[in-house]
S.K.: 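This is the structure, below, for whatever I ask next.
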Amino acid sequence: MFKRLLGMLLGALLSIQIGSVQAAAIAMPDRFSAAAAKAVLLEGGNAVDAAVAAGFVLAVTYPEAGNLGGGGFMTLVTRPVENLQSGRQAYFLDYRETAPQAAFRDLYLDQQGEVIPYRSLVGYQASGVPGTVMGLWQAHQRFGSKPWKKLLQYAIDYAEQGFEVPPALEENRRWYQQWIEGKSSDALNFSEHFGALQSGRMFKQPQLAKTLKRIAARGAADFYQGETARMLVQQLQTHGGLMTLDDLAAYQAKWREPVRFGWQGREVVSAPPPSSGGVAIGQLLKLYALLQPELQAQRQHNRELPEQALKTHFYAELEKRVYADRAEFLGDPDFVDVPVERLLSDAYLQQRAQGVLWDAISESESIRPGKIELPETTHFSIVDAHGNAVSNTYTLNMPFGSGVVIEQAGFLMNNEMDDFSTKPGVANVFGVVGGTANEIAPHKRMLSSMSPTILLKDGEVEMVVGTPGGSTIITSVFQVIVNVLAEGMTPQQALDAPRVHHQLLPKDQIAYNPDLPEAVKSALELMGYTLKRNNYMGDVQLVVCDKTHCEAASDVRGRGVSAAW
Ligand code: GLY
């Protein structure tokens, strides 16, 4: 009895404080998750309750990236717990996948030391130990205010009764079926389970509904130690997978200190390692601010160069330096020392800024071309009526992950192992390279670019932002922040504006989406850049608030739905 009372008392202290009622807003990647998140908030749930409901709904209605078999990151800002501390509380929950115990550095190399094509991407050895169920469970344990079971009911209903398949989901399903064709010697069961995804038709997932019911009844224990754990391990091991029941039982989501830094009178709160996102966005924003006087001077000197071409070159110069640091220094902080403070220090960035060239392209070594066009991962942003905010990005890595469905449980497994550096200097599916900091080791987390970010002004939530997009996540979040806060765009304009991306390699290549004016493209080509139109460049979900109201926007590139009230 005493234990229960103590638990309730602690729960009350730790659950998010209800402050004065303000505006609330959501920016979600599809209409089903938007409906669930809004309903939870309108019924008095807080931002974490809404995130839990939406996270499970997306595992049903957005199977490309919403997941039970993947992992992710949640950045949270909450009102202070009264009488205990003052100031905003910022938290970061790392529920990234981990390498199984049996994984080792050269797991994906053949006897000649060459990378075995697609082994880290397709089939039964491509998955890390999933973190999503534990992440949503731990977020709810610490901050949730509505019953867990009730929050899962939205997802259970969509799985049981079906949902109407959006056209983009059918398109992605077709693309993926053709992409995995012939890439694995294992018999994959993706088409059996998801081949019936057809635009406008209802899609039901009875096995997934049963799994969600077990998780609703037993919490994370079902997924990591119970019936779902047994189904998962049995299927992977039958086909030569590495994951064991011990791997699942040992999985922990981790509360970490978020990356925090000041920028133009704000505090930015973002993802620490094992994400490269917070550090990279911090470097980009700080370099951007440091070099403003120089950029203005260049505008005066270089009047014949289109403004957008100068800006794109400027961004590419910053991004070269940031992605070089990413490849060298970033990895799982439980395994390698990541010099976060130094990488974000003014002294270091002053020095990095000095090398930026205005009339030529800085040298970069070419290794191999990247492929950065994948619609993967998904993000949502939520602010509740009490000013608490959740920025959540989670993923299976590529759309639909490894192509392996846990048959009896009805969910897809991730192919996150490809985010490790399979061999130093060899690019992953997003074209980014890594070194020893991100090599494979048992239980290690693979480096990520996911960057759920929150900006605070005068102690209040001003912006909640994030996106999918692999290595383009970092540059998309950077550009959206600059578009709103430095260039004065409305939230929707900031998302719909063309985005550009450079990541050191391929050498001197700038990717863009949706398009750039011809004069801008010609000017960049004349400078020596090669240009590439990316079919895909993120799906940003953005909430922007001032003291009295919020605005929300969903990227024109996706099927998101946003609302503020
Ligand atoms: N799987 C993409 C990322 O974590 O960056």
Side-chain angles (χ1 to χ4, degrees), residues 29 58 62 64-67 69-75 92-99 118 120-122 126-132 135 176 253-254 256 259 270-281 319 322-323 326-327 330-333 338 370-380 391-403 412-422 427-434 437-438 440 444-453 465-478 501 503-504 534 536-540:
L58 289 164
Y62 204 116
E64 304 102 305
N67 67 82
F73 300 132
M74 186 184 284
T75 303
F92 180 82
L93 181 58
D94 164 3
Y95 58 96
R96 184 73 161 158
E97 300 90 328
T98 55
Y118 302 109
S120 61
L121 278 170
V122 184
S127 303
V129 181
T132 293
Y176 184 71
K254 296 195 174 183
R256 299 188 189 274
V259 165
S270 192
S275 176
S276 56
V279 169
I281 289 167
E319 287 159 7
V322 167
Y323 280 86
R326 181 192 191 277
L330 275 291
D332 182 346
V338 185
K371 308 178 192 97
I372 45 177
E373 302 184 355
L374 303 162
E376 47 68 57
T377 310
T378 189
H379 175 88
F380 53 80
S391 187
N392 187 89
T393 315
Y394 76 153
T395 187
L396 290 164
N397 192 25
M398 279 186 61
F400 305 108
S402 63
L412 277 153
M413 290 300 291
N414 68 81
N415 58 357
E416 217 72 64
M417 291 297 282
D418 189 65
D419 270 349
F420 279 117
S421 170
T422 47
N428 73 2
V429 75
F430 300 109
V432 283
V433 292
N438 188 34
I440 303 173
K444 190 175 175 183
R445 285 154 148 88
M446 53 297 280
L447 183 60
S448 173
S449 299
M450 291 187 291
S451 312
T453 297
V465 62
T467 181
S471 52
T472 67
I473 289 174
I474 291 164
T475 51
S476 290
V477 172
F478 162 65
H501 174 78
Q503 59 177 37
L504 185 66
N534 260 17
Y536 180 77
M537 184 108 52
D539 181 17
V540 182

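All ligand and atom numbering here is 1-based and tracks the order in the structure.
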S.K.: Under 4.0 Å between a side-chain nitrogen and a carboxylate oxygen: does that hold for Asp332 and Arg96?
M.R.: no
S.K.: Which class fits the ring pair Phe400 and Tyr176: parallel under 30°, tilted 30 to 60°, perpendicular over 60°?
M.R.: tilted
S.K.: Tell me whether Tyr394 contacts the main-chain N or O of Gly135 through its side chain, where contact means a donor paired with an acceptor under 3.5 Å.
M.R.: no
S.K.: Identify all N/O pairs between ligand 1 and the protein with a separation under 3.5 Å and present them as a table of atom names and distances.
M.R.:
{"unit_1": "ligand 1", "atom_1": "1 (N)", "unit_2": "Asn397", "atom_2": "OD1", "d": "2.7"}
{"unit_1": "ligand 1", "atom_1": "1 (N)", "unit_2": "Glu416", "atom_2": "OE2", "d": "2.7"}
{"unit_1": "ligand 1", "atom_1": "1 (N)", "unit_2": "Asp419", "atom_2": "OD2", "d": "2.7"}
{"unit_1": "ligand 1", "atom_1": "4 (O)", "unit_2": "Arg96", "atom_2": "NH1", "d": "3.0"}
{"unit_1": "ligand 1", "atom_1": "4 (O)", "unit_2": "Arg96", "atom_2": "NH2", "d": "3.2"}
{"unit_1": "ligand 1", "atom_1": "4 (O)", "unit_2": "Asp419", "atom_2": "OD2", "d": "3.2"}
{"unit_1": "ligand 1", "atom_1": "4 (O)", "unit_2": "Ser448", "atom_2": "OG", "d": "2.6"}
{"unit_1": "ligand 1", "atom_1": "5 (O)", "unit_2": "Ser448", "atom_2": "OG", "d": "3.3"}
{"unit_1": "ligand 1", "atom_1": "5 (O)", "unit_2": "Ser449", "atom_2": "N", "d": "2.7"}

S.K.: When the ring planes of Phe73 and Phe92 are compared, do they come out parallel, tilted or perpendicular, using 30° and 60° as the limits?
M.R.: tilted
S.K.: Which residues pass the salt bridge (charged side-chain N to carboxylate O under 4.0 Å, His left out) test with Asp94, sequence neighbours left out?
M.R.: Arg256, Arg445
S.K.: Verify whether one side chain among Ser449 and Arg326 offers a donor that lies under 3.5 Å from an acceptor in the other.
M.R.: yes
